J.: 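My questions will all concern the structure given below.
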Amino acid sequence: MIHERLTDRRPIHLTPEQQVFVTERHLATLTTLRADGSPHVVPVGFTWDPEAGVVRITTNDGSVKRKNAERLTADGTPPRAAVCQVDGGRWITLEGPITVSREPEEIAEAVRRYARRYREPSENPSRVVLVMTPDKVMSSGYMSR
């Protein structure tokens with residue numbers, strides 16, 4: 001089953017300019033929090049699924065970002081993360097709760113979308129998907145209108 005939202009709220013919607021920007025071929029940074037609370041910032045490729053309202057990032061099961069994404073907060077809720085894409089003076093940040101999926105259908109969907117935006121990824125039997133459900137969007141001023 002493809003990712004189910006963490007809450008019953010409706011997916012966020014990006015403006016037309018934001019939507020175009022997140023489909024262009026750019027890398028971004030993913031920020032998660034380590035166990036000590038310090039930021040872990042790494043470059044990533046990501047995809048935006050406007051229908052589901054989720055960001056998907058593929059990674060290895062043993063990665064630090066996966067570990068950070070599975071570490072629940074003190075109150076037992078999923079941790080938060082941020083993806084920030086920059087190109088010159090254009091930028092967008094998507095922020096929200098992040099989870100890890102090992103479901104074959106979710107991985108296949110993430111790989112399909114990644115291949116369309118970037119390139120066909122190599123085989124990886126330890127691939128998992130980080131699924132972030134943004135509830136906050138910040139961007140260059142012209143994109144916010």
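Sequential numbering from 1 along the given sequence is applied to the chain's residues. Just so you know, these numbers come straight off a predicted model, no measurement behind them.
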J.: Pick one: which of Arg112, Arg116, Arg113 meets salt bridge (charged side-chain N to carboxylate O under 4.0 Å, His left out) with Asp49?
T.: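 For Asp49, the salt bridge (charged side-chain N to carboxylate O under 4.0 Å, His left out) test succeeds with only one of Arg112, Arg116, Arg113, which is Arg113.
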
J.: Counting N and O atoms only, with roles assigned by atom type, does the side chain of Arg34 sit under 3.5 Å from a partner on the main chain of Pro39, one being a donor and the other an acceptor?
T.: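 Looks like yes, one N/O pair under 3.5 Å.
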
J.: Do Pro97 and Asp135 come close enough that some side-chain heavy atom pair is under 4.5 Å?
T.: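 The answer is yes, as the side chains (C-beta and beyond) meet within the 4.5 Å cut-off.
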
J.: To the nearest 0.5 Å, how far apart are OH in Tyr114 and CD in Glu120?
T.: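 The distance works out to 10.5 Å.
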
J.: Do Thr58 and Ile107 make a side-chain contact, defined as non-hydrogen atoms from C-beta onward lying under 4.5 Å apart?
T.: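 Heavy-atom side-chain distance check fails, nothing below 4.5 Å.
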
J.: Atom CD of residue position Glu24 - does it have more than 12 heavy atoms of other residues, nucleotides or ligands inside 6.0 Å?
T.: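 Enclosed.
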
J.: Would you compute the distance between atom OG1 of Thr31 and atom CD of Glu95 and round it to the nearest 0.5 angstrom?
T.: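 Going from the OG1 atom of Thr31 to the CD atom of Glu95 covers 9.5 Å.
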
J.: Please find the pair of heavy atoms, one from Val100 and one from Arg102, that lie closest to each other, and give the distance.
T.: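 Heavy atoms only, the tightest pair is CG1-NH1, 3.9 Å.
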
J.: What distance separates Lys136 NZ from Ile12 CD1, expressed to the nearest 0.5 Å?
T.: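 These two atoms lie 12.0 Å from each other.
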
J.: Please identify which of these residues, Arg71, Lys65, Arg66, Glu70, meets the side chain to side chain donor-acceptor pair (under 3.5 Å) condition with Asn68.
T.: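 It is Arg71; the other options fail the test.
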
J.: Is the side chain of Ser140 donor-acceptor paired with the backbone N or O of Met143 at a distance under 3.5 Å, no angle test?
T.: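 Here the side-chain-to-backbone pair does not exist.
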
J.: Pro134 and side-chain contact (heavy atoms from CB on, under 4.5 Å): which partner among Ile98, Thr93, Leu94?
T.: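 Result: among Ile98, Thr93, Leu94, Leu94 is the only option passing the side-chain contact (heavy atoms from CB on, under 4.5 Å) with Pro134.
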
J.: Assess whether a salt bridge exists between Glu17 and Arg90, defined as any Lys/Arg side-chain N lying under 4.0 Å from an Asp/Glu carboxylate O.
T.: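 Salt bridge: no.
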
J.: Same cluster or not: are Val55 and Leu33 linked, directly or through other Ile, Leu, Val, Met, Phe, Trp or Tyr residues, by side-chain heavy atoms under 4.5 angstrom apart?
T.: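 Hydrophobic grouping puts Val55 apart from Leu33.
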
J.: Is there a continuous path of hydrophobic side-chain contacts, each under 4.5 Å between heavy atoms, that joins Leu27 to Trp48?
T.: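 Linked within one cluster.
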
J.: Tell me whether Arg117 contacts the main-chain N or O of Val22 through its side chain, where contact means a donor paired with an acceptor under 3.5 Å.
T.: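 Yes; at least one donor-acceptor contact below 3.5 Å.
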
J.: Spell out, as yes or no, whether a donor-acceptor pair under 3.5 Å connects the side chain of Asn60 to the backbone of Gly62.
T.: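 No, Asn60 side chain to Gly62 backbone: no donor-acceptor pair under 3.5 Å.
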
J.: Taking ring pair (Phe, Tyr, Trp, His ring centres under 6.0 Å) as the definition, give me every residue that meets it alongside His26, ordered by chain and number, with sequence neighbours left out.
T.: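 Expected list: Phe21.
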
J.: Among all residues two or more places apart in sequence or in another chain, which pass the side-chain hydrogen bond (donor to acceptor under 3.5 Å, both in side chains) test with Asp75?
T.: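 Asp75 satisfies side-chain hydrogen bond (donor to acceptor under 3.5 Å, both in side chains) with Thr73, Thr77 once adjacent residues are dropped.
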
J.: Let me check something: do Val64 and Val42 share a hydrophobic cluster, defined by ILVMFWY side-chain heavy atoms less than 4.5 Å apart, either directly or through other members?
T.: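 Each belongs to a different hydrophobic cluster.
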
J.: How many angstroms lie between CD in Gln19 and CD1 in Ile92, if you round to the nearest 0.5 Å?
T.: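 Answer for the CD-CD1 pair, Gln19 versus Ile92, is 9.0 Å.
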
J.: Taking the side chain as C-beta and beyond, is there a heavy-atom pair between Leu30 and Leu130 under 4.5 Å?
T.: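 In contact.
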
J.: State, to 0.1 Å, how close Pro11 and Gly53 come at their nearest heavy-atom pair, and which atoms those are.
T.: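 Looks like CB-CA, 3.6 Å.
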
J.: Mind checking the OG1-CZ spacing from Thr133 to Arg80? Nearest 0.5 Å is all I need.
T.: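 That separation rounds to 10.0 Å.
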
J.: Report yes if the side chains of Met138 and Trp91 come closer than 4.5 Å at any heavy-atom pair, otherwise no.
T.: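 They are in side-chain contact.
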
J.: How about Met132 and Ile57: do any of their side-chain heavy atoms sit closer than 4.5 Å?
T.: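 No - every pair of side-chain heavy atoms lies 4.5 Å or more apart.
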
J.: Hey, could you give me the CD/CZ distance between Glu106 and Arg127, rounded to the nearest 0.5 Å?
T.: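 One gets 13.0 Å once the value is rounded to the nearest 0.5 Å.
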
J.: Can you confirm whether Gln85 sits close enough to Phe46 that some side-chain heavy atom of one is under 4.5 Å from a side-chain heavy atom of the other?
T.: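 Gln85 vs Phe46: side chains touch.
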
